[in-house]
Amino acid sequence: VKLLGLRLEATPSAARVVCRVEWEDSERPAFDLFFETPEESSADLSPNPNAFLLGAILPAFRRQERRISLEGPVCPMLRDGLYAAMAILKGWYAPKRLPTVIEPSAGFRAADRAAVPMSALFLTAGVDSLYSLWKNRQRYPRGHAASFRHAIYIPSFAFPEEFPSDRTRDLARRQLRSITAVARAEGLRLLTVTTNLRRLDPDVYFTAREGLSAILASAAHLFSKTLTSAVIAPALPATNLRPDGDHPLLGPLYSTGALRVTGDRTLSSRLERLRRIAGWETALANLFVCFEGPLPEGSANCGRCEKCLRTMTELLVCEVLDHCRTFPKRNVEVEEIEVMSVGYHPEMFPTYWAPLVEPLEALGRSDLAGAIARKLRMARGRAFLNSRREAIRRFDRDRLGGAIRSASRAARGLPLDRGAP
Ligand SMILES: [Zn+2]
């Protein structure tokens with residue numbers, strides 16, 4: 001893949017960095033990749049080749065592009081990190097993948113670090129990033145190099161449509177309202193990055209399993225004139241790690257000499273993190289977890305989807321659901337648990353819901369505890385079937401060269417594409 005014409009374009013209300021993406025080994029359309037930030041942060045934005053490289057290399061690696069060529073120098077620390085990351089992802093998911101070779105036109109040169117150390121957090125106003133912010137405020141006095149002074153926010157990250165739907169626009173508006181309020185309360189300068197980066201690989205499973213940290217890190221490196229470190233709040237605690245796009249092993253590999261990327265180190269589960277921030281007014285007033293919409297004006301979360309019900313149940317367990325103003329209801333009903341789906345990531349359902357059963361019993365809510373236990377049995381059954389299906393798919397790919405897949409597609413009259421390895 002070639003990244004051509006890296007440049008900075010200023011408009012009256014924003015600054016934009018752009019390059020042309022041309023695929024070489026995969027039949028995919030060329031397009032202009034951009035990152036944009038509003039006027040208030042436009043002076044901090046630069047067309048940093050390291051950022052573009054980071055954003056594009058894992059989609060290129062997944063599509064088995066032989067090389068990624070780009071203009072300008074690349075930091076040798078990032079080069080080494082990216083080859084290590086590709087080796088890790090290969091080991092996790094695709095033993096036959098070959099690394100995509102990094103070819104910068106100006107060779108490898110260490111990136112210059114900003115004179116004043118400055119830390120940023122990727123903020124979504126969800127449980128994980130609010131907890132990382134809370135912890136940072138407990139650990140470091142304001143003014144300390146590690147104390148967060150900036151928050152990075154990528155609107156519509158989960159739904160990167162070219163023409164955003166009503167739902168996507170509503171979601172971005174709700175999330176921005178929460179994030180702006182948290183940033184104001186905590187004295188964080190907000191760096192908003194709008195990008196079409198996910199056009200490189202819109203597959204949500206690719207982002208979740210492989211690309212997440214690299215995508216986030218690429219946005220941070222655009223601000224390396226100002227920032228020297230950026231922290232990703234991971235979804236999973238260090239006690240329960242598995243291969244994942246925000247695995248804490250990956251983030252540091254996306255560092256340069258100018259900017260260090262880290263996954264926040266935490267041993268706490270989601271429930272434990274929520275328990276910690278349950279007494280923090282800023283969190284309770286702004287907690288944003290819901291991807292549904294559009295919602296009526298003024299609401300942050302729908303209160304009906306799996307993620308809302310899970311968070312509300314957790315808040316109930318922490319005995320603060322009454323005080324959290326971002327949900328439309330102050331209680332969770334058995335019927336709501338019974339009819340909810342198992343969410344966007346069914347394999348994670350037991351991880352998130354199982355720890356809630358015992359505390360609910362202790363609170364005298366055995367009705368809810370029972371409903372959750374029944375739902376867990378169902379979800380585990382489904383996860384088992386999915387894992388068998390995945391094992392067959394892998395055996396077919398690695399041992400039979402995709403014969404079952406091809407036969408199945410032929411039987412359904414579908415074209416025999418090679419698919420991504
Ligand atoms: Zn919801």
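In this chain, numbering begins with 1 at the start of the sequence shown. Order of listing sets the numbers, starting from 1, for every ligand and every atom in it.
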inquiry  = Whether Arg63 and Asp25 form a salt bridge (side-chain N of Lys/Arg under 4.0 Å from carboxylate O of Asp/Glu) is what I want to check.
reply    = no

inquiry  = Tell me whether Glu281 is salt-bridged to Arg325, with the criterion being a basic N under 4.0 Å from an acidic carboxylate O.
reply    = yes

message = At a cut-off of 2.8 Å, what protein N/O/S atoms sit near the Zn ion (ligand 1)?
response = Cys290 SG, Cys302 SG, Cys305 SG, Cys308 SG

ask   = Quick check, are the ring centers of Phe35 and Phe52 under 6.0 angstrom apart?
value = yes

Under 3.5 Å donor-acceptor pairs involving side-chain atoms of residues 312-321, not counting sequence neighbours:
residue: Thr313; atom: OG1; partner: Leu309; partner atom: O; Å: 2.6
residue: Glu314; atom: OE1; partner: Arg270; partner atom: NE; Å: 3.1
residue: Glu314; atom: OE2; partner: Arg270; partner atom: NE; Å: 3.2

task = Go through the structure and list residues passing side chain to side chain contact (heavy atoms under 4.5 Å, CB included) with Pro99, not counting sequence neighbours.
result = Tyr83, Met86

remark   = Contacts of Glu390 meeting side chain to side chain contact (heavy atoms under 4.5 Å, CB included) (sequence neighbours excluded), chain-then-number -> Arg393, Arg394

